[in-house]
Amino acid sequence: MPLRNVRDKKRELRARSKKLRAGCPPQLKAELDKRLSQKFLSLPEYEECKVLFIFVSSPIECDTSAIISRALSDGKRVAVPKCRERSGYMDFYFITSFSQLSPGKFSIPEPDPELCEQATDFSSGLCVVPGLCFDYMGYRVGFGKGYYDRFLNVFKGISAGICYSRFVEKELPRGTYDKKTDILVTEKYIIRTAA
């Protein structure tokens, strides 16, 4: 598929997914988030990981707060991202509580570098990857900034995309730099895409 067509198709998918997600009734979203969190926390990869790289969710994303809380109580090292201004890159910092977060880029809570240790070892661990929609092979359409595709280029651990099953497609358009996740977790099922 030509690059221009990929971009146009992604733009359409992004707009449609945002609209559908914004229109999801809060009670239904809460139930979907609860079931998705339970599925994720049942992963042997979660049980075995010592370091969890995870995003702090925005209102239309799958809620990660229960996963973060559980990981902290399970004694895992929890690293969350902070976006670098205008670079398209992000750094991860270890947090020990939600109180170490404050509103950052895109109004999403980010770690305070004054209070948190920066993560520098990306050779292992489990990374939770956001996406507006995914396909069965683990490719995704995100918000279009490329932060996670760049990060997954250097991350050597296991990546797990989380998404509501309603937003999983058979196949998504993808470009040269798009990175797939090793696992896809929804509220209904888990797919190991590396197999």
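Fair warning: this is a prediction, and the values are worked out from it, not measured in the lab. Residue indices begin at 1 and follow the sequence shown. The figures here come from the full heavy-atom set of this structure, side chains too, leaving out hydrogens, waters and symmetry mates.
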Spacing of Leu115 atom CG and Ser99 atom OG [to the nearest 0.5 Å]: 8.0 Å

Flag, side chain of Asp149 to backbone of Lys179, donor-acceptor distance under 3.5 Å: yes

Minimum side-chain heavy-atom gap Arg35-Lys188 below 4.5 Å: yes

Check: Tyr46 and Ile158 side chains under 4.5 Å, non-hydrogen atoms: no

Side-chain (Ser42) to main-chain (Lys39) donor-acceptor, under 3.5 angstrom: yes

Side-chain donor/acceptor of Gln100 to backbone N/O of Thr96, under 3.5 Å: yes

Side-chain heavy atoms of Pro113 within contact of Gln118, under 4.5 Å: no

Presence of salt bridge, Glu45 and Arg192, under 4.0 angstrom: yes

Nearest-0.5 Å distance, CD of residue Glu48 to NZ of residue Lys76: 9.0 Å

Under 3.5 Å side-chain donor-acceptor pair for Glu110 and Ser102: no

Rounded distance (nearest 0.5 Å) linking atom NZ of Lys50 with atom OG of Ser124: 8.5 Å

side-chain contact (heavy atoms from CB on, under 4.5 Å) between Tyr147 and Tyr89, intermediate numbers included: CA-CA 5 Å; Tyr147 285 98; Tyr89 289 89; 5.5 Å; no

Value rounded to 0.5 Å, distance of OH in Tyr148 from OG1 in Thr181: 12.5 Å

Min side-chain heavy-atom separation Pro173-Lys10 under 4.5 Å: yes

Evaluation steps, side-chain contact (heavy atoms from CB on, under 4.5 Å), between Glu31 and Gln27: CA-CA 6 Å; Glu31 180 57 31; Gln27 192 171 356; over 6 Å; no

Electrostatic pair Lys9-Glu169, nearest N-O below 4.0 angstrom: no

Minimum-distance pair of heavy atoms, taken over all atoms of Met90 and Pro81: SD-CB, 3.6 Å

Min side-chain heavy-atom separation Ile162-Val129 under 4.5 Å: no

Note, Cys163 side chain near Leu184 side chain (heavy atom, < 4.5 Å): yes

Smallest separation among heavy atoms of Glu47 and Leu41, with atom names: OE2-O, 4.1 Å

Close side-chain approach of Thr64 and Phe55, heavy atoms under 4.5 Å: yes

Review item, side-chain donor-acceptor pairs of residues 130-144, under 3.5 Å, at least two apart:
| unit_1 | atom_1 | unit_2 | atom_2 | d |
| --- | --- | --- | --- | --- |
| Asp135 | OD1 | Met137 | N | 3.0 |
| Asp135 | OD1 | Gly138 | N | 3.1 |
| Asp135 | OD1 | Tyr139 | N | 3.0 |
| Asp135 | OD2 | Leu172 | N | 2.9 |
| Arg140 | NH1 | Pro130 | O | 2.8 |

Pair Asp112, Tyr93: side-chain N/O donor-acceptor within cut-off below 3.5 Å: no

Nearest-0.5 Å distance that lies between atom OH in Tyr177 and atom CG in Asn153: 9.5 Å

Distance-only polar pair, side chains of Ser58 and Glu61, donor-acceptor under 3.5 Å: yes

Side chains of Arg77 and Val51 in contact at under 4.5 Å (non-hydrogen atoms): yes

Minimal non-hydrogen separation, Phe98 against Ser65, with atom names: CZ-O, 3.7 Å

Under-4.0 Å salt bridge between Asp121 and Lys156: no

Distance-only polar pair, side chains of Asp182 and Ser159, donor-acceptor under 3.5 Å: yes

Identified side chain to side chain contact (heavy atoms under 4.5 Å, CB included) counterpart of Arg70 within the set Ile68, Ile67, Leu72, Asp74: Asp74

same_hphob_cluster(Ile190, Val168) at 4.5 Å side-chain heavy-atom cutoff: no

Chi angles and distances behind the side-chain contact (heavy atoms from CB on, under 4.5 Å) call for Ile183, Thr193: CA-CA 5 Å; Ile183 305 168; Thr193 63; over 6 Å; no

Joint cluster assignment, Val6 & Leu13, ILVMFWY side-chain distance < 4.5 Å: no

Joint cluster assignment, Val185 & Tyr189, ILVMFWY side-chain distance < 4.5 Å: no

Phe92 and Phe151 aromatic ring geometry - parallel, tilted or perpendicular at 30°/60° bounds: tilted

Modelled atom types, side-chain donor and acceptor of Tyr164 and Asp33, under 3.5 Å: yes

side-chain contact (heavy atoms from CB on, under 4.5 Å) between Phe167 and Arg21, intermediate numbers included: CA-CA 9 Å; Phe167 297 96; Arg21 283 173 177 250; 3.5 Å; yes

Between CG on residue Leu36 and CD on residue Glu187, distance to nearest 0.5 Å: 6.5 Å

